[in-house]
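Worksheet for the structure shown next.
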There are 2 protein chains.
Amino acid sequence: MQQTQNPHTTHLTIEEIEHRLRQHGYRLTGPRTVVVDAVLRHQRPFTAEQLVAELSSGDDSIGRATVYRTLEVLASMDVLTRIVSPDGHPSYISGAPGHRHHLLCQVCGITVTFTACPMSELISTLADETKFQINEHTLEVFGVCPSCQAHQ
Amino acid sequence: MQQTQNPHTTHLTIEEIEHRLRQHGYRLTGPRTVVVDAVLRHQRPFTAEQLVAELSSGDDSIGRATVYRTLEVLASMDVLTRIVSPDGHPSYISGAPGHRHHLLCQVCGITVTFTACPMSELISTLADETKFQINEHTLEVFGVCPSCQAHQ
DNA sequence: ATCGATATTGACACAAAGTATCACTAGTGA
DNA sequence: TCACTAGTGATACTTTGTGTCAATATCGAT
Ligand SMILES: [Mn+2]
Ligand SMILES: [Mn+2]
Ligand SMILES: [Zn+2]
Ligand SMILES: [Zn+2]
C-alpha cells in the first residue's frame, strides 16, 4: 500500500477551483460560488439533498436543479468524488485528484482517502481470461473509526 | 486470481431456493414462487422495476411492494446479489453464495462472477494504519465484453 | 380436515431523489 | 456598453422505493 492520508490534505482552495472552472469554459456565477463555498465547508461526505437543504433557505437561496448541476460539474472536474455506498445512496467527498479510494466510517461518516489500489494485477488477469475491455472499477471500504469504536 | 466462472454455474434450483426459504422461516406463498420463477429466468442483471413491469400484468399479477420485499428476502438469503453500479442504479444478479465480485459489460449487461479478491492484504494494512474496524467493501469491475466489442 | 395465529399480500398514499422545460437573468468577450 | 449565450430556478414530472392497513393465505397444531 502506498499511502493513507487525511482528507484535508486533498482539499483545493476556492481560487484553484475557480481557476479550474474557467479552464473548462464554465462561467463564474454567484450561485456556483455559493455552492463551492458550501462544499468546501464540508469535512465529511454529504449528500446532494443535504446541500439542497442547506442552501434552499437564507438570503441567497439556491435552487435544487442548480445544486445537482453544480455537483455534477465539480465531480467531472475532479473537485469532488461521488461515492455510492452499498445501500445505493450516493454521497460526495470534496477533493479527488487522481485515482483514489475511500475508507468510510459507517457511524460518523469520517473518511480516509487512500491511493493504494490492489486492482491492477487482478484487472490484467480478468482481461486476459475474459477478453473484456475493462474501463473502470468501484472499490470502497466501510467500517467503524477508532473514535466511534471508543464511544461504544 | 482464483477463478472466473460463468454465472450459470451459480444458479440455484427452485427446490433449493424454496428449501432455503423454509429454513429461514419464510412461508412458501404463491406470489413468492412467481417472483422466484421470474428471477431464475433472468440470465443477466435486472432491476427491481424491470421485474415489477414483468409481473404487474398477466393472470397472476404481483404487487410492487411484494416484488421489492421478495428481492430483499432473496438477497438476504444469498440467492441474489444486489449490485450498485457507479451511476447509483442497483441491479440484481441471481446466484451469490459466498464472497463474490462481478465484471459487468456496460453495453449488454452480461456478467462474469469471480471469487478472486485482492482486498485482504490491503484491508489488514488499512486496519493497522487507521485503527478502523473494517466491516465490508464494494468491488465491481466494468467494461465491454468481447461480443459487444465486435459489434462495433 | 379444520382451525386459529400470524405472516404475507397489494391497493393506496406517500416520500425521496433526481430530471426536463423554459422564460428569465447574468457573465463574458468584444 | 452590448449582444450572445451559459446559467438559473420555479414548476411539473419521473423514477424508485417505502409505510399503512384491511383482507387473505399459509402452516403448525389439534
Ligand atoms: Mn482502484
Ligand atoms: Mn472482496
Ligand atoms: Zn466514526
Ligand atoms: Zn456486452
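Lettering of chains follows the sequences in order, A, B, ..., and the numbering in each one begins at 1.
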I'd like a table of donor-acceptor pairs (distance under 3.5 Å, sequence neighbours excluded) in which one partner is a side-chain atom from residues 23-34 of chain B, with atom names and distances.
unit_1: B:T29; atom_1: OG1; unit_2: B:R32; atom_2: N; d: 3.2
unit_1: B:R32; atom_1: NH1; unit_2: B:R27; atom_2: O; d: 2.7
unit_1: B:T33; atom_1: OG1; unit_2: B:T29; atom_2: O; d: 2.9

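In this structure, A:I62 places its CD1 atom 12 Å from P of C:dA26, rounding to the nearest Å. If you measure from atom CZ of B:R32 to atom C1' of D:dC27, you get 13 Å, rounded to the nearest angstrom. One interatomic measurement links the two molecules: CG of A:L71 to C1' of C:dT19, which rounds to 14 Å at whole-angstrom precision. Between the CG atom of B:L21 and the P atom of D:dT26 there is a distance of 14 Å, given to the nearest Å. In this structure, CG of A:D60 is placed 16 Å from C1' of C:dT25, rounded to the nearest angstrom. Going from atom OH of A:Y26 over to atom P of D:dT5 covers 18 Å, rounded to whole Å.
Going from atom OG1 of B:T113 over to atom CG of B:L104 covers 8.5 Å, rounded to the nearest 0.5 Å.
In this structure the side chain of B:L71 never reaches within 4.5 angstrom of the side chain of B:R82, judged on heavy atoms. Residues A:L126 and B:F114 meet the side-chain proximity criterion, which asks for heavy atoms closer than 4.5 Å. B:F46 has its side chain out of reach of B:S91: every pair of non-hydrogen atoms, C-beta onward, lies at least 4.5 Å apart. A 4.5 Å side-chain heavy-atom check between A:I17 and A:L74 finds at least one atom pair inside the cut-off. Proximity of A:H137 to A:L122: side-chain heavy atoms (C-beta onward) are nowhere separated by under 4.5 Å.
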So which protein N/O to nucleotides 28-30 of chain D N/O distances come out below 3.5 Å?
none

Nucleotide N/O of nucleotides 14-25 of chain D paired with protein N/O under 3.5 Å:
unit_1: D:dG17; atom_1: OP2; unit_2: B:Y68; atom_2: OH; d: 2.7

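Contact between B:H42 and B:E54 at its shortest, heavy atoms only, is NE2-OE2, 2.8 Å.
Mapping A:L28 and B:T66 onto DNA chain C by nearest heavy atom places B:T66 at the nucleotide closer to the 5' end.
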